[in-house]
Amino acid sequence: MARTSDKDNALKQFHCIGIVGAGNMGTQMAIAFSELGLEVSIWDVNEKNVDQLKEWSQNNKTKGGISTFHDINEFVKSLENEKRKLFLFSISHGNPAESVLGMIKSNLKDGDIVLDGGNENYQRTQKRQEECEKIGVHWIGMGVSGGYQAARRGPSLSPGGDAKALETVMPLLELYAAKDPKGNPCVARIGPGGSGHYVKMVHNGIEGGMLSTLAEAWSFLHNGLELDYNAIADIFSQWNDRGELRGTYLLDIAVDMLRAKMPSGGQDEEDDRKDHYVLDEVLDKVVQDDDDTEGTPYWNIMESASRHISTPTLATAHYLRVASGNRAERLLAAKKLQIPEPRPIHGIKNKETVIEHLRCAVYCSFLASFCQGLEMITRASDDEGWGIDLGQCLRVWRGGCIIQANGIADLLEPVLSTDHHWTNLKHSDEVAGELHRTFSSLKEIVVQGTLADQYLPAISASLEYLKYGGGTTLPTKFMEGQMDFFGAHGYDKPGVPGEDPGPVRKGPHHYEWRPAKE
């Protein structure tokens, strides 16, 4: 809990906040800020959303109060009495934010601050920062994690932009943000430019790797080991309580999800007494990528490729989602391919041993996801001159956050607190030791699962990542030879100083494998 003096200091700078967007996130943010004592003005292009919040505010009193607006000009005018206006955007990335900025730009003045809390592309954020800087307005790209529930209780926040503007809003953001188990606010000044949105993009990439890994583990337990939902909930609860996976948000909500039931809605009393699992009503179709409402996963893939970073767990997890989204196309392909469905794994002598292997495999895949994401942040920070502190990112992800994983954070925090500049966390003795220790379990699960046609895209991608990310005799030797054969690309020679390992550049050697015909 924040001390009274902390609240007073946080509220000295701003008494009002204007929120753009009254969807699930914006509405919960409006309620949260009004409960902190701010006067909240809110506008949305969808008047129905505004009216719903208005009805709520009429029936529920908060310390600050909420004023709703259908007219965007009236919305902006409601903040005019402040020395500097503070806005929080909670709308979709791309054109919506661009459109709203265009509508309010003429009413902005020197010193005003816009917190863009959408999942925006960091390059667009930087363009808006440059545009707003010309009129003295500070545009802060702020990652917001935790979903609509955390938006009310306190999310994880990663703001990036002008240093002085960040210093001004930090007391308020620290008051609003989630608190870690030690009571520290889960918010930090990430860096200049679009660094805040970049970190949130990577957060969502790690989230994708973890989501896929856990879904695969659930399917392995349910379809492979034939365990019911309650038994799987018990297993996930144990994993979350102790050991390397302790304090993992996705495991925590998985337990509740697996146990959630609803009345059957049958035609008679006997049917009504037969409750069924809510999960059984959920179709295997993730559409947020196919309908372009979510951009961060494929931005991750493009960024990792453009910055030459191997992120197979994150990428494969995204492609699983993409394949799942177009179910009609997938069902047609299923008829043609006739690929076997996941089936029970037979011949298991001790299920507890297999479950322990699975726990280690999930941990290894989660840790691989963090390694891949943090390597992306380091490379981008070096390229862009952002000076991002990876330890700060880790602390931001300690609470109010989808990728909260206390066991992994406890492993990484001492590593990242050193003065060493980590461009590859697999070079850390502590991280490498854990990946090495759990590698055999990862391989065991992939082998057993593959033989039983289990779905293991992220888990198997993590296995290959460790193999080729730390391999010394890759098959790319053959690939390099063929590329030199048809393209005269050149190659380095093994064991030659200056070439092995040598710099990342084309090799000086070429061989005429087959003379060209005259």
Side-chain angles (χ1 to χ4, degrees), residues 121 123 198 201-202 205-206 208-209 212 289 297-323 333 337 339 364-365 368-384 421-427 431-432 435-436 439 442-443 446-447 450 456-518:
N121 184 290
Q123 292 174 321
Y198 195 96
M201 176 197 75
V202 171
I206 297 172
S212 186
D289 307 296
Y298 65 78
W299 297 338
N300 260 275
I301 295 174
M302 292 189 292
E303 272 292 305
S304 64
S306 68
R307 297 188 191 273
H308 316 299
I309 305 160
S310 182
T311 60
T313 309
L314 314 189
T316 305
H318 175 62
Y319 289 132
L320 172 65
R321 284 167 50 151
V322 170
L337 292 174
I339 301 296
C364 190
S365 189
S369 296
F370 272 87
C371 287
Q372 293 165 35
L374 290 169
E375 286 165 24
M376 282 185 65
I377 293 174
T378 297
R379 186 69 58 84
S381 179
D382 289 349
D383 291 346
E384 305 293 336
H421 183 64
W422 294 105
T423 57
N424 187 330
L425 281 171
K426 298 186 295 297
H427 296 166
V431 174
L435 293 172
H436 174 80
F439 177 80
L442 188 66
K443 184 165 62 174
V446 171
V447 170
T450 300
L456 298 166
I459 291 176
S460 60
S462 298
L463 174 67
E464 294 300 323
Y465 169 68
L466 297 183
K467 286 165 60 180
Y468 64 67
T472 59
T473 55
L474 301 185
T476 45
K477 173 191 183 79
F478 191 81
M479 184 191 302
E480 181 79 332
Q482 291 211 304
M483 292 172 71
D484 183 61
F485 191 119
F486 64 70
H489 289 284
Y491 56 85
D492 289 317
K493 290 184 177 181
V496 176
E499 296 183 30
D500 181 9
V504 181
R505 56 158 175 72
K506 287 185 178 180
H509 308 286
H510 167 66
Y511 184 75
E512 283 295 307
W513 305 82
R514 178 193 294 166
K517 293 182 179 180
E518 296 183 0

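What you are looking at is a predicted structure, and each value in this text was computed from that prediction instead of being measured.
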To the nearest 0.5 angstrom, please state how far the [atom1] atom of [X] sits from the [atom2] atom of [Y].
X: His421; Y: Asp382; atom1: NE2; atom2: CG; value: 3.5 Å
X: Asn424; Y: Ile309; atom1: CG; atom2: CD1; value: 10.0 Å
X: Asn121; Y: Tyr198; atom1: CG; atom2: OH; value: 10.0 Å
X: Tyr491; Y: Lys506; atom1: OH; atom2: NZ; value: 15.0 Å
X: Ile206; Y: Leu374; atom1: CD1; atom2: CG; value: 5.0 Å
X: Glu480; Y: His509; atom1: CD; atom2: NE2; value: 11.0 Å

Requested in this report: Output, in order, the C-alpha distance, side-chain angles, deciding distance and verdict of side-chain contact (heavy atoms from CB on, under 4.5 Å) for His318 and Leu314.
Outcome: CA-CA 6 Å; His318 175 62; Leu314 314 189; over 6 Å; no
[X] atom [atom1], neighbour heavy-atom count above 12 within 6.0 Å:
X: Met302; atom1: CE; answer: yes
X: Lys443; atom1: NZ; answer: no
X: His436; atom1: NE2; answer: no
X: Phe478; atom1: CZ; answer: no
X: Arg505; atom1: CZ; answer: yes

**Report entry** Backbone N/O of Pro312 and side chain of Thr316: donor-acceptor pair under 3.5 Å
**Finding:** yes
Requested in this report: Before giving the answer on salt bridge (charged side-chain N to carboxylate O under 4.0 Å, His left out), spell out for Glu375 and Arg307 the whole-Å C-alpha distance, their side-chain angles and the decisive distance to 0.1 Å.
Outcome: CA-CA 10 Å; Glu375 286 165 24; Arg307 297 188 191 273; over 6 Å; no
Query - Cationic N near anionic O, under 4.0 Å, Glu303 to Arg379 - result: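 Salt bridge absent between Glu303 and Arg379.
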Measure across [X] and [Y] and return the closest heavy-atom pair with its distance rounded to 0.1 Å.
X: Thr450; Y: Val446; value: OG1-O, 2.6 Å
X: Leu435; Y: Ala368; value: CD2-N, 4.4 Å
X: Leu466; Y: Phe439; value: CD1-CD1, 4.0 Å
X: Ser462; Y: Leu442; value: C-CD2, 3.9 Å
X: Ala317; Y: Ser212; value: CB-CB, 3.5 Å

Query raised in the report: Among Thr313, Asn300, Leu425, which one satisfies side chain to side chain contact (heavy atoms under 4.5 Å, CB included) with Gln372?
Result: Thr313
Query raised in the report: For Tyr465, which of Ser460, Cys371, Ser369 qualifies under side chain to side chain contact (heavy atoms under 4.5 Å, CB included)?
Result: Cys371
Query raised in the report: Do Asp492 and Asp500 have side chains that get closer than 4.5 Å, going by heavy atoms?
Result: no
Query raised in the report: Does a side-chain heavy-atom distance below 4.5 Å link Tyr319 with Ile301?
Result: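 Yes - at least one pair of side-chain heavy atoms lies under 4.5 Å apart.
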**Report entry** Phe485 and Trp513 aromatic ring geometry - parallel, tilted or perpendicular at 30°/60° bounds
**Finding:**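 Answer is parallel, since the angle falls under 30°.
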